[in-house]
There are 2 protein chains.
Amino acid sequence: MTVSEPIPVPDRSAEPAAAADFALQAAEERFIEGMGLALEEDRLPRIAGRLVGLLIVSPQPLRFDHLAERLRVSRGSISTNTRLLENMGVIERVTRPGDRRDYFQINEQPGLLQRVADRFRDRQAMAEEMKQALPPGTDGGNVVGDRLDGLIRFYAVLADSLNSMLAVIEEAGGNSRSGTP
Amino acid sequence: MTVSEPIPVPDRSAEPAAAADFALQAAEERFIEGMGLALEEDRLPRIAGRLVGLLIVSPQPLRFDHLAERLRVSRGSISTNTRLLENMGVIERVTRPGDRRDYFQINEQPGLLQRVADRFRDRQAMAEEMKQALPPGTDGGNVVGDRLDGLIRFYAVLADSLNSMLAVIEEAGGNSRSGTP
DNA sequence: CACCTTGTTCAGTCTTGACAAAACAAACCG
DNA sequence: CGGTTTGTTTTGTCAAGACTGAACAAGGTG
């Protein structure tokens, strides 16, 4: 949880929607919905996905009740899912001094990246363990060993790319923004 | 569905379990269970995951009823899940002339790899679409644009690694084995 | 033909998890 | 202190999906 500078209240809904803004609105809607589905594939509640989508697209942190309203879900759901995402390190809760309400923003994402990479590593390790247990000189051509090698390489490649991406981000310093789910 | 050469019946259960084999058995069990959990994370039924694990570890194709027995699940579940994996191109149904029963084996996996890569591409496209819709000169520093760039790069990196891995496999010819889930 | 064997499909059960609504807690304000 | 705002926790409902077991089909085989 971070305490930030005074935050100008977003209140985008109050602006008269310029004609061109219409397309933007629609695109945002699609993106938010798309993130909902995408993260749902990764075993997160759909609302969590939409939350991520919405926060990626918002230049300013958004207020708790704003989220419930905008996504049209109960405050309970917002509470549950924000906490979930907070624990995962995907979003961050932000407060202002003298303001009792909570705001949320997308986090810089090395933590999440790391988590995904780790999951790949775990699977790689699992395959490696299996390979170890294999008797050394197995019958004709060692099919199983080769298969496991393929599997190991698969997971290794994914984990490696993520790690090298992480390295790039870290090196670029904290100022480079990324949304990574 | 492929018609193969005569397949020596596996029947590993008939062999007297050598002392060293014990560790192997245990490792296999762990691996199978691990693949069950891993693929469950990817939204496949757990049984499907175990099936994949078991088939990866089996040098020979396994018989339908063997699968049910070994994994201790109903034939119905085997039927459903083998068909699922077959449709996904993960496993292959193999038959022998003069044998009414079905055998299954792990498939060479470029198809599956491709599918995973495509999913990443789709998400990348989604993020790019959103970026397009953004007004060109957004306010201070273009935070949202930068975030989307990060997201795009994230998905692109994953898709690219998979594609290049695919290329390597293809180039190596059909003889290189890989298990990719 | 009756009768296996083999695999598929269908109906029913059970678990899981998402979500809403309401009860609740805590901080603040008068 | 009572009442309000803000967020959390709990309770209950609902839907999705995995799995089993039984019914079923389609071939063989006597």
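Reckoned from all heavy atoms, side chains included, excluding hydrogens, waters and symmetry mates. This structure is a prediction, so every number in the text was calculated from the model and none was measured.
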Are a donor atom and an acceptor atom from the side chains of [X] and [Y] found within less than 3.5 Å of each other?
X       : Y       : result
Y103(B) : R93(B)  : no
Q124(A) : E128(A) : yes
R121(A) : Y155(A) : no
Q25(B)  : E29(B)  : no
T80(B)  : S77(B)  : no

Distance in angstrom units between E69(A) CD and dT5(D) P, rounded: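 Taking atom P of dT5(D) as the reference, CD of E69(A) is at 15 Å.
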
Rounded interatomic separation in angstrom, taking CG from L51(A) and P from dG7(D):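 These atoms are roughly 13 Å apart.
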
Does this structure show an ion pair linking [X] with [Y], if we count only N-O contacts that are shorter than 4.0 Å?
X       : Y       : result
D65(B)  : R75(B)  : no
E129(B) : R30(A)  : yes
D42(B)  : R123(A) : yes

Under 4.0 Å protein heavy-atom contact, by nucleotide of nucleotides 4-24 of chain C - B base, S sugar-phosphate only: -BSBBB--------SSB----

Duplex segments of DNA chain D, taken as runs of at least three Watson-Crick or G-U pairs that stay under 3.5 Å: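 Looking at DNA chain D, the stems formed by three or more consecutive pairs are C:1-30 with D:1-30.
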
